[in-house]
Amino acid sequence: MIRLYLTRLKILGRDRANVFWTFLFPIILATLFNLALGNLYNTESFHTIEVALVESDDYQYLEEFKSSMLEAKTSTNGDGINLFKLTECDLDEAKSLLNDNKIIGYIQPGDPMNLVVKSSGIKQTIAKSFLESYSQTLNTVESIGTLQPQSYSKVLEDISKPMDYISLGSMGENPPDVILNYFYALIAMACLFGSYWGVKEIITIQGDLSLKGARINIAPIHKMKMLLCNISAALTIHFIGILLLLAYLILGLKVSFGNDLLYVILTCLVACTFGITLGAMVGTLAKKSAHFKDSILTAIVMFSSFLAGLMIVDMKYLVTKKTPFLQYLNPAHLVTDAFYSLYYYESNSRFIMNIALMLCYTFLFSFIAYIAVRRRKYESL
Amino acid sequence: MRVYKLYFKLLKKAIPTLLVYIGVFLAITIMATLSFQGNTDGIFEDTKVRTAFINHDEDTLLLRGFKSYLGKSSEFIEIDESQKAMQDALFFREVTYILSIPKGFTEDFLNGKDPSFKSYTVPDSATNHNVDMAVNTFLNTARVYRNNIENISAEELVGKIAQDLDIQVVVDLYSEEVDKVDNTRQIYFQNYLVFAILSVLILGISSIMISFTNLDIKRRNLSSPISLYSIQFQQILGHITFAFICIILFVLLGNILNGQSSLDKTSIFFTLNVIAFTIAALSIAYLVGSLTKSIDITHGIANILGLGMSFVSGVFVPMEFLGETTIQIAKFTPAYWYTTANYMIGNLSNFTWEHLSPVYGHMLIQLGFAIAIFAISMVINKKKSKEAA
């Protein structure tokens, strides 16, 4: 048996180009992910907001307003970038600037302040919040000014040094982090793409699907034994690929997987097996050509990864909210969730549930594949 | 046109496979667009933050006043106060913000100390910033009163703050046209097509092209009295037909989803842009089909190009969030020019040459990519077929 396993391993390994690329693809993809997500929620990616200020003589605090807009920064500790870039102009010019998308909106100062924008968005909201807090502060200054005019300078001093009344609490060792979900979903997808290996093994062993299968069918070896060896060989190669990806994510991209590396590796192993048996099952169930089987698998894996948040992270939460049963069925969700609960929770109950479900499905898929493959006899090939 | 006819025989055989691909990528596009929570009614609106307000202090006037102020930007959700429940609530996004008020906060604050609230958040959520702002604005205003007006009563304090903070900044939507529609959702859909079109074309076209790479078939084709260029040309014609069918499907779907007629100006430009991008995607698919011999590798490449380009050029992650370097890299892909053109088209409010010329520019760049990539693949194809023969 060991010889069968080793021979199969050699056969699979000999297709160097194929192995090389299947190992390299997820790594390239991870690099691209990192490129797109690396800067997310990082102030470096903040671009100063361009707004126009419509000149108006009616507004008595125009100068103060202007200077406070120009002084606003992204952070208070001195090295922040300016929030706004102001263009002063008259109304017509402001309109044409907005029309050309040179600015996100223009401000007509006054009481109340008026902000004119073309669409809603993050920058527009920031501008609105700024105007609000400016008007609010102005109210306070005026109100104290009438109550106690003598403390005017003290008021200004108090206002110029705002306090931070929020301290970040932490729960557990690792803070929730949605960026991680993208990488977890990526590794889930890579594991599940192991299903291509599963299909391949089923095709090589079925007499009606490949010449090699026909040859194996007349050999005096138990077919199940052969299949077991072949699948183990495919699993070995697939698992090595995933470990390389994992190493790249942890060492190269510094993606955090929590503190229990052994459990992470265990999850990968279970997920790889899960993926391969999924492929084996689809391989036996879907009649038609190998191309068609592959396309079904691509569809299953892509869609399942999509629901697990590979493209839009919120999808994962929408699914748990709108269709809760799906989270126990969706393969990519189980894998992604296993990684995330390892990272996030201190207790292992959620992790164990995910692993247990994956193992159940693995056995179910293997059983279905087994039923479909066993005792197949061919009259003629 | 024998090769062209053969192409359709192959296409017919591949229909189940192609349908699976088209089906799944369309499903993803539809679900993504439907899940997009854009405001389609054209009104400028902030979204409310789902906040859990956990008060360990007493129910004091100051905190009551604060809670009612916070209510403007937050929707309060009750959760259990145990750590497990709090972790779960954040994990499943029942709330994105947990605000915990320590015991004795009011007393400390009124006595001139500045204690702080504890916050537990889902860190990505941009709207959480609104809660931070609300807390700091309210308490800073309170602090100014507390420091400057001696012996101010809690009641007076809360009243003053409420009065000061009761400000509405008027936000107007501007457009020269009277009935301006918000195209955010449409842009979102159009951008998502990057992923769908690239994946479907690469997977579809290469699964057909691989049938031509079989050595025996190739030899047989080359020995026929049809010139190599004619074969290639007819193949490409076949690919174009396939791509054309895809475009029709996608555009129709977009119209159904967004409930707009395909005849208004914006939709026409979106369609033109999709056509430009499809041509570029077609050239990429053709290159991939010419380079690879194994279907396994094609799957991988389709995956990388589809997902990778979408991530880098602002389909899945909004362009504002991408770093400078990423955008520089994205400029080397047609997808970047496609998505930026979509943003421009969606925000167009008048269709003069001056406003349209950058849109045309971006479309031309996409076509430029297409021509360059086609040229490369033709050369590769020619070389390969000579080698094999």
Side-chain angles (χ1 to χ4, degrees), chain A residues 18 21 25 28-29 32-33 35-36 39-41 45 98-99 101 112-116 118-120 122 125 128-129 131-133 135-136 139-140 143-144 147-148 151 154-155 158-159 162-163 165-169 171 176 178 196 291-292 294-296 298-299 302-303 306 311-312 317-318 320, chain B residues 16-17 20-21 24 28 32 35 39 44 46 83 86-87 90 92-93 114 116-120 122-124 126 132-133 135-137 139-141 144 147-149 160 164-165 167-172 174 182 207 294-297 299-300 304 307-308 311-312 316-317 321-323 326 347 349:
Chain A
N18 214 346
W21 285 110
F25 283 141
I28 298 176
L29 206 50
L32 289 173
F33 269 44
L35 211 56
N39 241 326
L40 216 56
Y41 315 118
S45 63
L98 184 58
N99 234 343
N101 297 322
M113 292 277 179
N114 186 359
L115 173 69
V116 181
K118 256 169 99 173
S119 58
S120 37
I122 297 158
T125 310
K128 185 190 168 212
S129 312
L131 291 181
E132 258 168 15
S133 91
S135 318
Q136 288 164 349
N139 272 351
T140 311
S143 145
I144 295 185
L147 285 174
Q148 252 172 342
S151 53
K154 175 83 181 14
V155 170
D158 273 349
I159 284 174
M163 300 265 311
Y165 284 100
I166 299 218
S167 63
L168 290 177
M171 245 178 307
V178 275
Y196 293 139
H291 269 192
F292 183 69
D294 278 352
S295 73
I296 292 272
T298 308
M302 286 318 280
F303 196 64
F306 168 71
M311 294 108 190
I312 319 168
Y317 301 98
L318 272 177
T320 46
Chain B
T17 313
V20 172
Y21 288 140
V24 69
I28 289 178
S35 79
N39 46 329
F44 184 88
D46 317 304
Q83 176 172 348
M86 277 159 68
Q87 267 188 316
L90 287 178
F92 292 109
R93 302 251 189 131
D114 289 307
S116 57
F117 292 170
K118 268 216 151 57
S119 76
Y120 306 92
V122 180
D124 74 303
D132 290 346
M133 285 246 307
V135 171
N136 281 326
T137 312
L139 291 176
N140 273 310
T141 314
V144 173
N147 287 353
N148 292 293
I149 297 181
K160 283 279 175 217
D164 286 359
L165 299 188
I167 286 279
Q168 269 309 311
V169 169
V170 185
V171 181
D172 293 326
Y174 166 78
D182 186 8
S207 71
S294 124
I295 195 79
D296 295 339
I297 292 181
H299 277 124
I304 287 193
L307 281 174
F311 262 104
V312 172
F316 299 145
V317 180
F321 291 137
L322 297 177
T326 314
N347 288 319
S349 29

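Chain naming here is simple, since letters A, B, ... match the order of the sequence lines and numbering starts at 1 in each. Please read these numbers as outputs of a predicted model, since none were measured by experiment.
- Interface residue A:Ser167: backbone and side-chain heavy atoms are both found under 4.5 Å from chain B.
- Minimum interatomic distance between B:Val20 and A:Ser295 (heavy atoms only, all atoms of both residues): CG1-O, 3.5 Å.
- For the atom pair A:Ile144 CD1 and B:Asp164 CG, the distance stands at 8.0 Å (nearest 0.5 Å).
- Contact of A:Ser129 with chain B is made through backbone and side chain together, with heavy-atom distances under 4.5 Å.
- A:Leu131 touches chain B through backbone and side chain together, each having a heavy atom under 4.5 Å away.
- Here the shortest heavy-atom pairing between B:Ile28 and A:Met302 reads CD1-O, 4.1 Å.
- Using a 4.5 Å heavy-atom threshold, the side chains of A:Gln136 and B:Thr137 count as touching.
- Annotation for A:Thr298 and B:Tyr21: closest pair CB-CE2, 3.9 Å, computed over non-hydrogen atoms.
- From B:Lys160, atom NZ reaches atom OG of A:Ser143 across 4.0 Å, with rounding to the nearest 0.5 Å.
- Interface residue A:Tyr317: only side-chain heavy atoms are found under 4.5 Å from chain B.
- Judged as a ring pair (Phe, Tyr, Trp, His ring centres under 6.0 Å), and not counting sequence neighbours, the contacts of B:Phe316 are B:Tyr192, B:Phe195, B:Phe311.
- Shortest non-hydrogen contact noted between A:Tyr165 and B:Leu139 is CD1-CB, 3.3 Å.
- Of the listed residues (B:Ile297, B:Val135, B:Leu90, B:Asp132), the one with the most heavy-atom contacts under 4.5 Å to chain A is B:Ile297.
- Using a 4.5 Å cut-off between heavy atoms, A:Phe292 touches chain B through backbone and side chain atoms alike.
- Listed here is the closest heavy atom pair of B:Ser119 and A:Ile166: OG-CG2, 3.5 Å.
- Taking the side chain as every heavy atom from C-beta outward, B:Leu307 and A:Leu32 never approach each other to under 4.5 Å.
- Remark: B:Phe117 pairs with B:Phe66, B:Phe105 by the ring pair (Phe, Tyr, Trp, His ring centres under 6.0 Å) rule, at least two apart or across chains.
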